[in-house]
Amino acid sequence: MNYNELAELLFPNVTLTPEDLEERYPPRNLPEGAKVVRFAPSPTGYVHFGGIYQAVVDYMLASQSGGVFSLRIEDTDSQREVDGAVEALVRTLAQYGIEYDEGVILNEDGSIGERGAYGPYKQSQRTELYAVYAKKLVSEGKAYPGFATEEELEAIQETDKKAEIKNTDWSVAAEQKRAAMLAGREFTMDEVKAHLAAGNPFVIRILADGDQEKKIKFTDMVKGVLELPENDEDFVLLKSDGVPTYHFAHAVDDHLMRTTHVIRGEDWLPSLPKHIQLFRYLGFRMPKYLHTAQILKIDENGNKKKISKRDRGAKMDDYAEMGYCTDVVWEYLLTLLNSNYEEWRMANPDVHYRNYPFSIKNMSVSGCLFDFDKLNDVSRNVISRMTADQVYTQVLDWAKIYDPEFAVLLAEKPDYAKEILAIGRGGKKPRKDITVWSGVKEYMSFFYDNLFERGDYPEGFPSEDIKRALAEFAAVYNPDDDNTTWFARLKAIAGDIGYAPEMKLWKQSPESYRGNVGDISMFVRVAITGRQNSPDLHDVMRILGEKRVRERLASAIAAL
RNA sequence: GGCCCGUUGGUCAAGAGGUUAAGACACCGCCCUUUCACGGCGGUAACAGGAGUUCGAUUCUCCUACGGGUCACCA
């Protein structure tokens, strides 16, 4: 077989050579140690947590090494492509401040554009590049055309289909597959000509020379030394529409873009042998690889599963909706990504997380469970460090989109809202009441008459006690009291009705009292705020104002 | 089923031959206290199992078990 003739037959219009492309995309002129990375998602829908997880690694490695970070869109599967996915992706990246140097961007008018000298950055626009290398491989006898249709292949491998995977007899399927592959390798030039003359579509397959039984040692920067079987599968390089498969595009693009480090999920590990073979066939130097651990969840059977679409926390939009600020997500991501991040954070409470010295060796090897408790803890801490103004602004931004009525309420009296949000804020031990923006309404609802609801008093106290305490308090309440004076009144009331006015007394002999001053303040709290948990009561009353305090006391007494 | 990866408390994890096996979250208790919180102190709780190497294995090797991933003209 004359492979050059075959290559010309298959790719008559390809005139560029690999050498031309080497010139078009020259090696990057970067300082020693600079990492060239790329985030390469496929635009198949929502932006997910795992994607951002990887993008953060890309960002940290590139920015901290003085390297280059590009955004490449892997849109080689038109079937699965979703409208607007690229835009959503770019927006989400921007929202999180994950800046990249090159790649697909959004123009001012909202259309999709790009920047950088190594483009195009959408794979669908790079087909002429892939053809150059496909032609080269064919001309070297390392790849060949396959004219079998999908239906024919499916018929041969009758059971090897994802939907039926559970019922598949794997040993049979593997044999059928192997046979089909070998059969596909046998063809004559005349057959090819006949197919082409008939206009039959074809794919380009690699001619695998590996042996499944032989192992290759490969070092992954996260996983360490791996032992993989050689590739013996004639996988598809170019689909019948001329669009490359992931494998081929990966090799060609990452070579031409001069990628030094490939960061991707560990679900790619099984196809690594394919990539090793491709890079060797193509004569490309392999980049370093970081196969990151997966984020898992517990499914309904109690097993760990890859986190996916339906799961809370999978879509990045979920975080926005629940009201987690982007800094919180970043910090949580960093705690998952690098085992010593929290330690660093405690030692450097005021340093921006972008300055955290990210290290590959601290990346986790095994998958981890998504943990909302932890996320919430990070969130409470981050928010507790904010000023009331910052909180107000962010809550308002959130509410405008997700709770317009609440946004109106907040915007009506900004100073009032800020005053509320300022309670217990600042100082060394700020309160940590707020976890997510979506919880703020509930947190401050009792400050708004139309949202105020009366809840239960603590159990175990006769309502006469409560009623009497409230009545006495209503009688002596003076809005001009300072904190100490105000509380002294509560102590006096406690004494009047047989409750310990001092905690110490209560501790000494709880049996001598009906309760303590803390209980009295709780009665007042419930009367005024409607709940048992609220920020500092004196501050609350000050902000509510005399009129409303009196109203609420009166209605509370009446309700008892 | 083949292949690959993984397995330290409920969760995230440090430790890389000799440690009382860190820390964080969650949970519990105590303290502080103007409630609830915050904070402080403390507690419960772990090296999947079995062989081997070794004076000594959580740490090295092998096997088993379990979990995960993957086996497309999807990425």
Side-chain angles (χ1 to χ4, degrees), chain A residues 40-44 74-77 79-80 146 148-150 153-154 157 160-162 165 168-174 177 201-205 212 220 223-224 226-229 233 235-241 243-247 249-250 264-273 291 293-294 296 298 303-306 335-336 339-343 345-346 362 364-378 380 384 424 427-433 458 483-484 486-487 490-491 503 516-526 529 531-538:
Chain A
S42 59
T44 52
E74 310 233 322
D75 56 348
T76 54
D77 184 4
Q79 299 270 314
R80 292 205 312 158
T149 64
E150 279 184 80
L153 288 177
E154 263 176 46
Q157 312 160 37
D160 190 12
K161 264 283 151 195
K162 187 135 197 163
I165 226 151
T168 297
D169 182 331
W170 287 98
S171 60
V172 172
K177 198 167 173 180
F202 62 91
V203 300
I204 298 296
R205 285 178 185 276
Q212 179 86 241
D220 178 89
K223 298 273 181 184
L226 265 24
E227 204 163 272
L228 305 162
E233 195 188 326
F235 61 94
V236 171
L237 264 23
L238 286 185
K239 300 183 243 181
S240 53
D241 56 2
V243 174
T245 56
Y246 170 85
H247 312 296
H250 158 50
R264 58 166 35 162
E266 68 177 340
D267 45 342
W268 284 109
L269 234 30
S271 32
L272 194 49
H291 285 95
Q294 307 274 278
L296 310 168
I298 297 283
N303 294 320
K304 289 182 183 179
K305 280 279 178 298
K306 208 165 129 178
T335 66
L336 286 184
S339 50
N340 57 348
Y341 178 75
E342 284 185 90
E343 206 176 297
R345 171 47 79 214
M346 277 188 264
N362 283 321
S364 178
V365 181
S366 50
C368 59
L369 239 34
F370 189 94
D371 186 1
F372 266 102
D373 278 333
K374 189 73 188 185
L375 207 217
N376 288 340
D377 180 63
V378 171
R380 276 189 292 268
S384 75
K428 276 202 172 137
K429 299 175 190 171
R431 292 182 66 92
K432 297 182 177 178
D433 295 305
N483 205 322
T484 314
W486 164 71
F487 200 70
L490 290 193
K491 287 181 177 177
M503 278 302 192
N516 62 60
V517 66
D519 299 319
I520 302 295
S521 77
M522 182 58 90
F523 302 156
V524 177
R525 175 187 311 279
V526 174
T529 69
R531 63 235 255 161
Q532 296 183 32
N533 183 347
S534 83
D536 185 86
L537 239 193
H538 185 259

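Residue numbering restarts at 1 for every chain, and letters A, B, ... go by the order of the sequence lines.
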Quiz prompt | Whole-Å distance separating the CZ atom of A:Arg345 from the P atom of B:A24 | solution = 17 Å
Quiz item: What distance separates A:Asp433 CG from A:Arg380 CZ, expressed to the nearest 0.5 Å?
Solution: 10.0 Å
Quiz item: What nucleotide, of B:A75, B:C71, B:C73, holds the atom closest to the side chain of A:Lys177?
Solution: B:C71
Quiz item: Does A:Lys223 have a side-chain nitrogen or oxygen under 4.0 Å from the phosphate oxygens OP1 or OP2 of B:G68?
Solution: no
Quiz item: Looking for any heavy atom pair under 4.0 Å, which part of the strands does A:Thr76 touch: base, sugar-phosphate only, or nothing?
Solution: sugar-phosphate
Quiz prompt | Base paired to B:A37 (Watson-Crick or G-U; both N/O distances under 3.5 angstrom) | solution = none
Quiz item: CZ of A:Arg431 to OG of A:Ser534: how many Å apart, nearest 0.5 Å?
Solution: 7.0 Å
Practice problem: Looking only at non-hydrogen atoms, find the nearest pair between A:Ser240 and A:Pro201 and report the distance. | Solution: CB-CB, 4.0 Å
Protein-nucleic acid N or O pairs under 3.5 Å, nucleotides 37-44 of chain B:
from  : atom 1 : to       : atom 2 : distance (Å)
B:A37 : N3     : A:Arg431 : NH1    : 3.3
B:C38 : O2'    : A:Pro430 : O      : 3.0
B:G39 : OP1    : A:Lys432 : NZ     : 2.7

Quiz item: Using purine N1 to pyrimidine N3 plus N6-O4 or O6-N4 for Watson-Crick, or N1-O2 and O6-N3 for G-U wobble, each under 3.5 Å, what pairs with B:G52?
Solution: B:C60
Quiz item: So which nucleotide does B:U20 pair with, by the Watson-Crick or G-U wobble rule with both distances under 3.5 Å?
Solution: none
Quiz item: Counting any heavy atom closer than 4.0 Å, what does A:Asn376 reach on the DNA or RNA strands: base, sugar-phosphate only, or nothing?
Solution: nothing
Quiz item: Just how far, in rounded Å, is P of B:U33 from CE of A:Met503?
Solution: 9 Å
Quiz prompt | Gap between atoms CD and C1', on A:Glu233 and B:U70 respectively (whole Å) | solution = 11 Å
Practice problem: Return the nucleotide paired to B:A45: Watson-Crick means purine N1 to pyrimidine N3 with N6-O4 or O6-N4, wobble means G-U with N1-O2 and O6-N3, both under 3.5 Å. | Solution: none
Self-check item: Rounded P spacing from B:G29 to B:U20 in Å
Solution: 31 Å
Quiz item: Taking the C1' atom of each, how far is B:C36 from B:G23, in whole Å?
Solution: 28 Å
Quiz item: Expressed as a whole number of Å, how far does the C1' atom of B:U7 sit from that of B:U64?
Solution: 13 Å
Quiz item: Do the side chain of A:Asp519 and the main chain of A:Asn516 share a donor and acceptor less than 3.5 angstrom apart?
Solution: yes
Any protein N or O atoms within reach of nucleotides 12-15 of chain B? Criterion: under 3.5 Å, listing atom names and distances.
from  : atom 1 : to       : atom 2 : distance (Å)
B:C12 : OP1    : A:Leu369 : N      : 2.9
B:A13 : OP1    : A:Ser364 : OG     : 2.9
B:A14 : OP1    : A:Ser339 : OG     : 3.1

Quiz prompt | Gap in Å between the two P atoms, one belonging to B:G10 and one to B:A45, rounded | solution = 11 Å
Practice problem: Scan every strand shown for a Watson-Crick or G-U wobble partner of B:C32, both distances under 3.5 Å, and answer none if you come up empty. | Solution: none
Quiz item: When you measure from the side chain of A:Ser42 to the backbone N and O of A:Thr44, does any donor-acceptor pair fall under 3.5 Å?
Solution: no
Quiz prompt | Nearest atoms (heavy-atom pairs only) where A:Cys368 meets A:Leu336 | solution = SG-CD2, 3.7 Å
Quiz item: Parallel under 30°, tilted from 30 to 60°, perpendicular over 60°: which one fits the rings of A:His247 and A:Phe235?
Solution: perpendicular
Quiz prompt | A:Thr245 vs B:C73: side-chain N/O to OP1/OP2 distance below 4.0 Å | solution = no
Practice problem: Mind listing the closest non-hydrogen atom pair of A:Lys239 and A:Thr76 along with its distance? | Solution: NZ-O, 2.7 Å
Practice problem: Using the P atom on both, measure B:A75 against B:C38 and round to a whole Å. | Solution: 49 Å
Quiz item: Mind telling me whether B:C38 is syn or anti, cutoff 90° either side of 0?
Solution: syn
Practice problem: To the nearest 0.5 angstrom, please state how far the CG atom of A:Asn362 sits from the CD atom of A:Glu343. | Solution: 9.0 Å
Exercise. Just call it for A:Val203: base, sugar-phosphate, or nothing, with non-hydrogen atoms closer than 4.0 Å on any strand.
Key: base
Exercise. Please determine, for the side chain of A:Lys239, which listed nucleotide (B:G23, B:C3, B:A75) has the closest atom?
Key: B:A75
Quiz item: Looking only at heavy atoms, which two atoms of A:Ala249 and A:Pro244 are closest? And how far apart?
Solution: CB-CG, 3.9 Å
Quiz prompt | Whole-Å C1' distance, B:C32 and B:G40 | solution = 8 Å
Quiz item: What is the distance, rounded to the nearest whole Å, between atom NZ of A:Lys491 and atom P of B:U33?
Solution: 10 Å
Quiz item: Looking at B:C5, B:A75, B:A26, which one has an atom nearest to any side-chain atom of A:Glu227?
Solution: B:C5
Quiz item: Whole Å only: how far is the CG atom of A:Leu228 from the P atom of B:U70?
Solution: 16 Å
Practice problem: Can you tell me the distance, in whole Å, between the CG atom of A:Asp373 and the C1' atom of B:C25? | Solution: 7 Å
Self-check item: Euclidean distance for P, B:G68 against B:C41 (whole angstrom)
Solution: 40 Å
Exercise. Measure the distance from CG on A:Leu272 to P on B:U70 and round it to the nearest whole Å.
Key: 15 Å
Practice problem: Looking only at non-hydrogen atoms, find the nearest pair between A:Val526 and A:Pro458 and report the distance. | Solution: CG2-CD, 4.3 Å
Quiz prompt | Nucleotide paired to B:C66 in any strand shown, Watson-Crick or G-U, under 3.5 Å | solution = B:G6
Quiz item: Is there a Watson-Crick or G-U wobble partner for B:C74 with both distances under 3.5 Å, and if so, which one is it?
Solution: none
Exercise. Determine the minimum heavy-atom distance between A:Met522 and A:Gln532, stating which atoms define it.
Key: CE-O, 3.4 Å
Quiz item: Just to confirm, is there a sub-4.0 Å distance from OP1 or OP2 of B:C36 to any side-chain nitrogen or oxygen of A:Arg531?
Solution: no
Quiz item: More 5' along RNA chain B: A:Ala40 or A:Trp486, using each one's nearest nucleotide?
Solution: A:Trp486
Self-check item: Min side-chain heavy-atom separation A:His291-A:Leu272 under 4.5 Å
Solution: yes
Quiz item: Looking across every strand, which nucleic acid part, if any, lies under 4.0 Å from A:Ser534 by heavy atom: base, sugar-phosphate, or nothing?
Solution: base
Quiz item: Mind checking the C1' distance from B:G52 to B:U70? Whole angstroms is fine.
Solution: 32 Å
Self-check item: Length of the line joining A:Leu296:CG and B:U7:P, which is rounded to integer Å
Solution: 13 Å
